[in-house]
Amino acid sequence: MNKAVRKEEGRDPSGSRLESLKGEWAFARLKKGRAARGRLVSVRWLPNRTGPVKVGLVVSKKVGKAVLRNKIRRRMREILRHMLLPPCDLMVVAQPEAATAGYAELYRDLAFTLKKSGLIQ
C-alpha cells in the first residue's frame with residue numbers, strides 16, 4: 001500500500017480540515033474582522049474564499065507553563081476540528097481562566113463565543 005492511500009484513510013470523513021494561520025500579516029489582517037469574547041476564550045475572524053479554515057491559536061505565558069499551554073492548544077484544535085465551520089481565517093486567544101477548565105467547559109465556551117461572533121448559528 002502506498003503512502004497516498006494511507007493518507008486518504010486517515011482523513012476526516014466530514015472533510016473539515018484546519019490549516020495553520022501563518023505570518024504576522026495574517027494575524028494583523030484579523031484586526032479588521034468580527035470579534036467576541038467569552039469567559040475562557042476570545043475569537044476574531046474574517047471570511048476567506050480560498051477553501052479550508054485557517055486557525056491561529058494564541059495561548060500566552062499568563063495561562064501557565066509550556067505543558068499546560070500545549071494541552072489547551074491541543075484541546076482547542078480538536079474542538080475546532082469537530083465543528084462545522086465555514087471557510088474563514090480564525091484567531092482564538094485563550095484567557096488565563098482556561099488553565100483550570102476541562103474539555104467540556106472549553107467546548108461550551110468556544111461554541112458560545114463563536115455563536116456570539118456570528119461565525120456559526
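- The existence of a salt bridge linking R108 and E105 is excluded, since no basic side-chain nitrogen approaches an acidic carboxylate oxygen closer than 4.0 Å.
- For the residue pair S42 and T113, the shortest heavy atom distance occurs at CA-CG2, 4.4 Å.
- The line from CG of L110 to CD1 of I120 is 7.5 Å long, rounded to the nearest 0.5 Å.
- A distance-only check finds a donor-acceptor pair linking the side chain of R34 to the backbone of S117 [under 3.5 Å].
- Atom CZ of R75 is separated from atom CG of L80 by 14.0 Å, given to the nearest 0.5 angstrom.
- Enclosure of atom CZ in F112 is not indicated, since only 12 or fewer non-hydrogen atoms of other residues, nucleotides or ligands lie within 6.0 angstrom.
- One hydrophobic cluster holds both L90 and I72 under the rule that ILVMFWY side chains link at heavy-atom gaps under 4.5 Å.
- Closest approach of R39 to E97, counting heavy atoms only: O-OE1, 3.5 Å.
- The closest donor-acceptor contact from the side chain of R44 to the backbone of A35 lies at 3.5 Å or more, if one exists at all.
- The hydrophobic clustering, which links ILVMFWY residues whose side-chain heavy atoms are closer than 4.5 Å, places M83 and V41 together.
- Remark: R77 CZ to S20 OG distance equals 7.5 Å, nearest 0.5 Å.
- L85 is connected to V43 through a chain of hydrophobic side-chain contacts under 4.5 Å among Ile, Leu, Val, Met, Phe, Trp and Tyr, so both are in one cluster.
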Does the pair V67 and K71 meet the rule for a side-chain contact (heavy atoms from CB on, under 4.5 Å), with working shown? CA-CA 6 Å; V67 173; K71 180 180 179 180; 5.7 Å; no

Listed pairs under 3.5 Å, donor-acceptor, residues 53-62 side chains, sequence neighbours left out:
from, atom 1, to, atom 2, distance (Å)
S60, OG, K62, N, 3.2

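- Although no hydrogens or angles enter the test, the distance criterion places no donor-acceptor pair under 3.5 Å between the side chain of D109 and the main chain of G38.
- Separating the CZ atom in R29 from the CE atom in M91 is a distance of 11.5 Å, to the nearest 0.5 Å.
- Under the 4.5 Å side-chain contact rule for hydrophobic residues, V92 and V63 share a cluster.
- Put simply, CG on D89 and CG on N48 are 4.5 Å apart, with the number rounded to the nearest 0.5 Å.
- No side-chain heavy atom of L40 sits less than 4.5 Å from a side-chain heavy atom of Q95.
- Summarising the geometry, atom CE belonging to M76 is positioned 15.0 Å from atom OH belonging to Y107; distances are rounded to the nearest 0.5 Å.
- I79 and L18 fall within a single hydrophobic cluster, where Ile, Leu, Val, Met, Phe, Trp and Tyr side chains are chained together by heavy-atom contacts under 4.5 Å.
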